[in-house]
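Here is the structure we will look at.
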Amino acid sequence: MFRFKFISKTMSALVVLSTLTTLCGCQTAPSANKTNNKETKTAAAANDFEYWKADSKPKEVLTEFVENAVDPDSEGYIPVENRIAVFDMDGTLLSETNPYYFEWMMFFNRVLNDDTYTAPEEIKTFVTDVAMPAVYAGDVSDEIDAQFSQYQAKVYEGMSLDDYYDYVQDVFMNLPADGQENMTYGESFFMPMRNVVDYLQDNDFEVYVVSGADRYTTRAAVTKELGIPANHVIGSDTDVKGSKQSDEDEDGEFYTWQSGEEVVRTADLKKKNLKTNKVTAINREIGIQPVLAFGNSSGDESMALYTINDNEYPAEAFLILCDDETRDHGNKEKAASTKKMADKDGFNTISMEQDWTTIYPEEAKITDKSK
């Protein structure tokens, strides 16, 4: 049976505990991060922010916020149970410019390069004649995006979740990223944002990823690379069902799970987790208003506005600006538009170019994107 592959040092003890519990025949809830069994702190746990410039203003805003949040004597103190931080994934925690969204590039690989799968001709044609040209031209329309969402669900139909997680983590994430030399898609998580996630977890913040990408894709990626628990991931939902569940038993309310059954993906896309859908998902699945939000686009604006407005506690929102054209495939015009929105809404902005000393692992080097 599949087990999520955590690499974060903070998760290693939990993995060992989970393994021992499994061996003794017991069952446990999904692994939680290190914010469980919390003790009240009076000083913030330090982080060297090694991938940030020393004079970064947004880093200063964040660290001051956290220092106040953990200090019971500060007016900015936030009880542990309310220290909720929400992050978008693509463009916020990992690259969406090598050359496009993580799940899109995995979809292309599934359709064109996966020897274990034969895609229907209409989907192959969509990829080669419509989607890939649009991605590499930087011109993906809403219509193309909608068709992608339907086809993406279709190409993984019938795959068990265990097999799907293995496919994401062991196959796709080990492939070279198109647009960077010496870097895989699994290594395309931003190094400075790894600092942020570790820093918040060290200071008893519950970190959630609230992504517009497929929930199961997001779950596989962030559990492996960031050590974020599987039950702290919210995303767009494709329906799943029991592997022995027939079409006549479509409504699981009237179907009884059978021995030896697996949870498998279907071709039924339920909901895209974008804009206000992120707000409603946070309420449905977390149930507590966040005090920190991190995003990078208009798709995250609603989540950030929800975080900082009418909050009982101090709150901040940060938007990442993909403005570095030297180390990454940045777009200054798009970054300027994002900054304008952030300034209007009262969000902080983080410039890849101005605030980060590095973006990807040291060995990575920007190259031209190629089909």
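Everything numeric here is computed off the predicted structure, so don't read it as measured data. Excluded from the calculations below are hydrogen atoms, water molecules and symmetry mates; all remaining heavy atoms, backbone and side chain alike, are included.
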* To do: Go through the steps for Phe102 and Phe172 under the test side chain to side chain contact (heavy atoms under 4.5 Å, CB included), then give the verdict.
  => CA-CA 9 Å; Phe102 183 93; Phe172 179 70; 3.7 Å; yes

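Between the side chain of Arg83 and the backbone N or O of Val66 there is no donor-acceptor pair closer than 3.5 Å. A side-chain donor-acceptor contact under 3.5 Å links Lys244 to the backbone of Ser259.
In this structure Phe65 satisfies the ring pair (Phe, Tyr, Trp, His ring centres under 6.0 Å) test with no other residue, sequence neighbours excluded. Taking Asn182 as the reference, Glu363 meet the side-chain contact (heavy atoms from CB on, under 4.5 Å) condition, with sequence neighbours excluded. Asp90 meets the side-chain hydrogen bond (donor to acceptor under 3.5 Å, both in side chains) test with no other residue; sequence neighbours excluded. The side-chain contact (heavy atoms from CB on, under 4.5 Å) check on Thr218 picks up Met89, Val209, Ser211, Ala213, Val222, Val233, with sequence neighbours excluded. The side-chain hydrogen bond (donor to acceptor under 3.5 Å, both in side chains) search around Gln258 returns Tyr255, not counting sequence neighbours. For Tyr185, there are no side-chain hydrogen bond (donor to acceptor under 3.5 Å, both in side chains) partners two or more places apart in sequence or in a different chain. Under the side-chain contact (heavy atoms from CB on, under 4.5 Å) criterion, Asn47 pairs with Phe49, Asn195, Asp198, Tyr199, not counting sequence neighbours. Residues meeting the side-chain contact (heavy atoms from CB on, under 4.5 Å) test with Asn82, sequence neighbours left out: Ile78, Pro79, Ile288, Tyr313. Scanning for side-chain hydrogen bond (donor to acceptor under 3.5 Å, both in side chains) contacts around Asn273 gives an empty result, with sequence neighbours left out.
Residues in residues 52-69 take part in these side-chain hydrogen bond (donor to acceptor under 3.5 Å, both in side chains) pairs, two or more places apart or across chains: Ser56-Asp355, Asn68-Ser74. The stretch residues 312-326 participates, sequence neighbours left out, in these salt bridge (Lys or Arg N to Asp or Glu O under 4.0 Å) pairs: Asp324-Arg327. Every pair passing salt bridge (Lys or Arg N to Asp or Glu O under 4.0 Å) that includes a residue from residues 143-161 is listed here, sequence neighbours excluded: Lys154-Glu157.
Residues Tyr165 and Arg219 have side chains that bring a donor and an acceptor to within less than 3.5 angstrom of each other. A donor-acceptor contact closer than 3.5 angstrom links the side chains of Ser246 and Glu248. For the residue pair Tyr156/Thr238, the side-chain donor-acceptor check at 3.5 Å is not satisfied. Between the side chains of Asn283 and Thr280, not a single donor N or O lies within less than 3.5 Å of an accepting N or O.
The cationic group of Arg265 does not satisfy the cation-pi geometry with Tyr216, failing either the under 6.0 Å distance to the six-membered ring centre or the 45° limit from the ring axis.
Under 4.0 Å is where a charged nitrogen must lie from a carboxylate oxygen, and between Asp237 and Arg215 at least one such pair does. Between Lys334 and Glu96 there is a salt bridge, with a side-chain nitrogen of the basic residue lying less than 4.0 Å from a carboxylate oxygen of the acidic one.
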